[in-house]
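Written below as structure tokens is the structure these notes are about.
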Protein chains: 4
Amino acid sequence: MPKPTFFNLPEDKRQRIVDLAIEEFATYGYRGASISRLVAAAGIAKGSFYQYFDDLDDLYRYLLHLGAEQKAQVLRSTPPPDPALSPFDTLRWMLRGSVGYEVTNPRLARIAYRALTGDGPSEAFVAEMRAALTGFYRDLLAKGIKHGHIDPGLDLDAAAFVLTSTLLPLSQYLLSRIDLEPEDLVRPDGPQTAAIEALLDGLLDILEYGMGSRSPRKDDSHG
Amino acid sequence: MPKPTFFNLPEDKRQRIVDLAIEEFATYGYRGASISRLVAAAGIAKGSFYQYFDDLDDLYRYLLHLGAEQKAQVLRSTPPPDPALSPFDTLRWMLRGSVGYEVTNPRLARIAYRALTGDGPSEAFVAEMRAALTGFYRDLLAKGIKHGHIDPGLDLDAAAFVLTSTLLPLSQYLLSRIDLEPEDLVRPDGPQTAAIEALLDGLLDILEYGMGSRSPRKDDSHG
Amino acid sequence: MPKPTFFNLPEDKRQRIVDLAIEEFATYGYRGASISRLVAAAGIAKGSFYQYFDDLDDLYRYLLHLGAEQKAQVLRSTPPPDPALSPFDTLRWMLRGSVGYEVTNPRLARIAYRALTGDGPSEAFVAEMRAALTGFYRDLLAKGIKHGHIDPGLDLDAAAFVLTSTLLPLSQYLLSRIDLEPEDLVRPDGPQTAAIEALLDGLLDILEYGMGSRSPRKDDSHG
Amino acid sequence: MPKPTFFNLPEDKRQRIVDLAIEEFATYGYRGASISRLVAAAGIAKGSFYQYFDDLDDLYRYLLHLGAEQKAQVLRSTPPPDPALSPFDTLRWMLRGSVGYEVTNPRLARIAYRALTGDGPSEAFVAEMRAALTGFYRDLLAKGIKHGHIDPGLDLDAAAFVLTSTLLPLSQYLLSRIDLEPEDLVRPDGPQTAAIEALLDGLLDILEYGMGSRSPRKDDSHG
DNA sequence: TATGAATGAGCTTTCATTCAT
DNA sequence: CATGAATGAAAGCTCATTCAT
């Protein structure tokens, strides 16, 4: 974690450092990032960096923490409409929030994505983070089976893997589809939002259909 | 591409260099790899490296090329039983080959995987490779629609994305599931192979069911 | 010399700074000592250090001064029993005091010892301090010759050098012989004190015999 | 130990590096020495230093090794006249050689001296070297007792300590007495040599008298 | 072709010192 | 007086690359 000095910094300066650090890691990756380049860009003295952070790793972990924190905040801001939602309705709600966040914070989202695909301090770190994510999806599906939303014959491991693999790179994919300039944020009523929604629907439709409860399928009120 | 000097090398020496290069990139990533460390490990002179390759990037691209080549070779060795297979039967055949190859070449597979998830010379490079892969799956599905194997109402973009996202990290996932020692290769009749097959079946079942032709399935008002 | 600010400090705070400074110099030497490490250990602000001292050198010289002062105080506390002692009786008295002091202040004693053997601001500084010490012993011996305690044929330079060389590292040697824990101070009636006294006697015996007035010793053809 | 690269260097270049390294350590001590300063003085690239040595410590230990080696070589060049010498005759012979060497290599001698008085990689290192030296003198004296040259009642620990303490700084003392310019080497027939011999005699006289066999002293048939 | 010494730019990190609060 | 953030020089060390042998 950054040192108190960092948090005592004026808001704008701190933000500028964070922004440039995100840019640095997003551009060059965990191993390619350079303190020298960062402080030059930020216009601070090299020694100052060490007043704020232990080292680059410290800063890197803070950025991941920051991203997770902010995304969680976004999700908390719109509580799920029903406590006993089907897994895919839950996902729909979650994705609306998290994709929204990630699309408006593409560089930080990219860092987090790459942290989960091999970039990072160690392979163990990556494996741990990824296992946590897969576990979450697995639990979600298990609960769905209990409530009859999910096919009981489903291979849970396979299904959790499909969800992790598909949803993890989702916002990266969306970002590559819509040619998004860094400042050109996606607005809730813009055409990009509509395109995103459409693709999201197509996606979840495939997944839900592939995993959903198959016996009572006829009266699926969903379609 | 490596220089002619490299290909004139004795087979065993060339292979040792390749193996250690794979190890280097798999361990430290594109940006963390070091020529110094590599030549020290390989026991060759530093100058010799530059007799074989332009630079690290040259070697890196060669490794990717090598992996693609070898995987293609494996696929060519077992031709598809039927020229007009359904997309998922094609995938089943392909995966049997490619997963088999990647599981027995985990370090090189890891490099290729990371090359497609952000590690590499440039973002453009990554995007290009990934687009090629997605295009392939898209074409496969389109052909499947023509032959009636795939739901014509399917969102092709979404489906191609699901396939890319799911199948790309597949062997990495399998490798993490089965605790594989480098020498402990997966043999066709071992228990690990059975476990892999089971998971592969579960996976394709979900995808096929989610994307398959829905019309013959009773009165699905969905499609 | 430290600034007035330092001497206006509360006794305990000032003492803590001195103790930690001693620890710092004793551990890392004159050139290895670090202000950063010291203030971190002492829990004072970096700026405060400069309120108390000009720089590290200032603090260093103060510590030496302090050690000399304290040792002198110890010696003053037990005045010599006879104003016209033989040089070796004088030494015996002096050593009892100074060794006692140094053994109970091993870290500061170590700094002073190293200051006289090459560690310090400059070679001139070292030479000067050492010359003063040698001069003292030389005078002591000269006076001894006058009173008939010391062999008049003695090479005064050589003898003063022997005394300086032997007595300077004495307490360091004793400290290495008795395994002394920092807190485990040598008490006047402990077994360590007895061992020290024995070794001191053996030592002075050699020196006294080697330098002492040789005429009364039968017909020594040597002198 | 330095790397082979270093030993493959042209003689004059290697010698220049050694000379400047000696100068560096002698001037600034173990902790104050700087690679940057050294390479600047030597006119070699910083990277080259690391082609020759692991780090500064590597170079430091090599210098000590070199000094020991050279001194041993000098001693080997003039074998002791009699196999069963008295301890002090042995010392006389040894000192003639070692002091001769050290006086003509004052900077390296200074480094070795300081290595034995607290400057160096660790306190353990210092203690070990010093213990070896003291052990040597102790053995020498013990043998002298057996042969009747040394007073059997002598406190061996105290005596070995006196020898170590006196002889260790000896050449440093001599060097400070004779104002020696670096190039102004002491020649065997110069006036400085005579002064050194005189002081050496005075010194050994004191020590020998102080430790020598005291009872049969009159008819000393040994000499 | 193979070699490995030479190079200097560039890295991370620590440091003493200043100074506004 | 106390504070601790800011600073840039300088440290040790690694690196890719060149080039003479």
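Naming: A, B, ... by sequence-line order, numbering from 1 per chain. Bear in mind that the values here come from a model prediction, so they are computed numbers and not experimental data. FYI, side chains are in, hydrogens and waters are out, and symmetry mates aren't considered; it's all heavy atoms of this structure.
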On DNA chain F, check which nucleotide each of D:Asp55 and B:Ile35 is closest to and give me the residue with the more 5' one.
D:Asp55
Looking at F:dA6, E:dT7, E:dT12, which one has an atom nearest to any side-chain atom of A:Tyr52?
F:dA6
B:Gln15 CD: over 12 foreign heavy atoms closer than 6.0 Å:
yes
Find which nucleotide of DNA chain E each of A:Leu56 and C:Gly32 is nearest to by heavy atoms, and output the residue with the more 5' nucleotide.
A:Leu56
Given pairs defined as Watson-Crick or G-U wobble with both distances under 3.5 Å, what dot-bracket annotation applies to DNA chain E, with ( ) intrastrand, [ ] crossing, | other strand and . unpaired?
.||||||||||||||||||||
Interatomic distance, A:Tyr28 OH vs E:dC11 P [rounded to whole Å]
10 Å
Any base atoms under 4.0 Å from C:Ile44, or only sugar-phosphate, or nothing? Heavy atoms, all strands.
nothing
Calculate the interatomic distance between A:Phe6 atom CZ and F:dA6 atom P; express it in whole Å.
11 Å
A:Asp54 CG to E:dT14 P: how many Å, rounded?
9 Å
For B:Glu24 and B:Ser34, indicate whether the former's side chain and the latter's backbone hold a donor-acceptor pair under 3.5 Å.
yes
So does C:Ser34 get a side-chain nitrogen or oxygen closer than 4.0 Å to the phosphate oxygens (OP1/OP2) of E:dA16?
yes
Select one nucleotide: of F:dT7, F:dG4, E:dT3, the one nearest the side-chain heavy atoms of C:Ala45.
F:dG4
Looking only at side-chain N and O atoms, does D:Ser48 come under 4.0 Å of OP1 or OP2 in E:dT7?
yes
With the side chain of B:Asn8 defined as its heavy atoms from C-beta on, choose the nearest nucleotide among E:dG8, F:dC15, E:dT1.
E:dT1
Distance-only, no hydrogens or angles: does the D:Arg114 side chain make a donor-acceptor pair with backbone N or O of C:Gly118 under 3.5 Å?
yes
Nearest-nucleotide pick for D:Ser36, side chain only, options being F:dA11, F:dA6, E:dT12:
F:dA11
NZ or CZ of A:Arg31 within 45° of B:Tyr28 ring axis and under 6.0 Å:
no
Measure the distance from CZ on B:Arg37 to C1' on F:dC13 and round it to the nearest whole Å.
14 Å
Judged by nearest nucleotide, the residue sitting upstream toward the 5' end of DNA chain F, A:Leu9 or C:Phe49, is C:Phe49
Is there a donor-acceptor contact under 3.5 Å from the side chain of B:Asp119 to the main chain of B:Gly29?
no
Go through it in stages, so that I can follow the logic: the residues are D:Phe6 and D:Tyr62, the test is ring pair (Phe, Tyr, Trp, His ring centres under 6.0 Å), and I'd like the CA-CA distance, side-chain angles, deciding distance and then a yes or no.
CA-CA 11 Å; D:Phe6 178 66; D:Tyr62 172 63; 5.8 Å; yes
D:Tyr50 OH - E:dC11 C1' separation (whole Å)
12 Å
Quickly work out the A:Lys46 NZ to E:dG10 P distance and round it to whole Å.
10 Å
Around C:Gln70, counting heavy atoms of other residues, nucleotides and ligands shown, do more than 12 lie under 6.0 Å from its CD?
yes
Roughly how many Å is it from CZ in B:Phe7 to C1' in E:dT1, rounded to a whole number?
17 Å
Short side-chain to backbone donor-acceptor contact, C:Lys3 and C:Tyr50, under 3.5 Å:
yes
What nucleic acid atoms does D:Ala40 come within less than 4.0 Å of, heavy atoms only: base, sugar-phosphate, or nothing?
nothing
Sugar-phosphate only, base, or nothing, as touched by B:Thr5 at under 4.0 Å among non-hydrogen atoms:
sugar-phosphate
Between atom NZ in B:Lys13 and atom C1' in E:dT3, what is the gap in whole Å?
10 Å
